[in-house]
Amino acid sequence: MTLTSAVTVTLPTQDRTQDRCPVCHEVTYDGEAQWWTLRSRHRTSEGEVEYCTGGCGCLVVLVNGELLKALPADRRR
């Protein structure tokens, strides 16, 4: 799973596109949310750990760029 490449879908009745989160599949339209924001990055004995949140509220944990854990927004509330 690559977090930087959300699925883009063109809507037939609109000129806008929508993106879907690869974790929860929630729709976010262009310009309404920034997709992935790096919240923290640090080195551990396992490698570089990154915590990122999606525009929809999902949280992901990456180790050396590989997905370790994903928490959909509805599971974080």
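Just so you know, these numbers use all the heavy atoms, side chains as well, and skip hydrogens, waters and symmetry mates.
- The shortest distance between side-chain heavy atoms of Val60 and Val23 falls below 4.5 Å.
- A 4.5 Å side-chain heavy-atom check between Val49 and Val61 finds at least one atom pair inside the cut-off.
- Taking both residues in full, the closest heavy atoms of Leu38 and Glu50 are given as CD1-CB, 3.8 Å, listed atom of the first, atom of the second, then distance.
- Across all their heavy atoms, Thr53 and Arg39 have their closest contact at OG1-NE, 3.0 Å.
- Nearest heavy atom pair, residue Pro22 against residue Trp36, reads CD-CZ2, 4.0 Å.
- Distance check: Leu59 CG to Lys69 NZ gives 9.5 Å after rounding to the nearest 0.5 Å.
- Distance check: Cys52 SG to Leu67 CG gives 10.0 Å after rounding to the nearest 0.5 Å.
- For the pair Asn64 (side chain) and Glu48 (backbone), a donor-acceptor distance under 3.5 Å is present.
- For the residue pair Pro72 and Cys58, the shortest heavy atom distance occurs at CA-SG, 3.5 Å.
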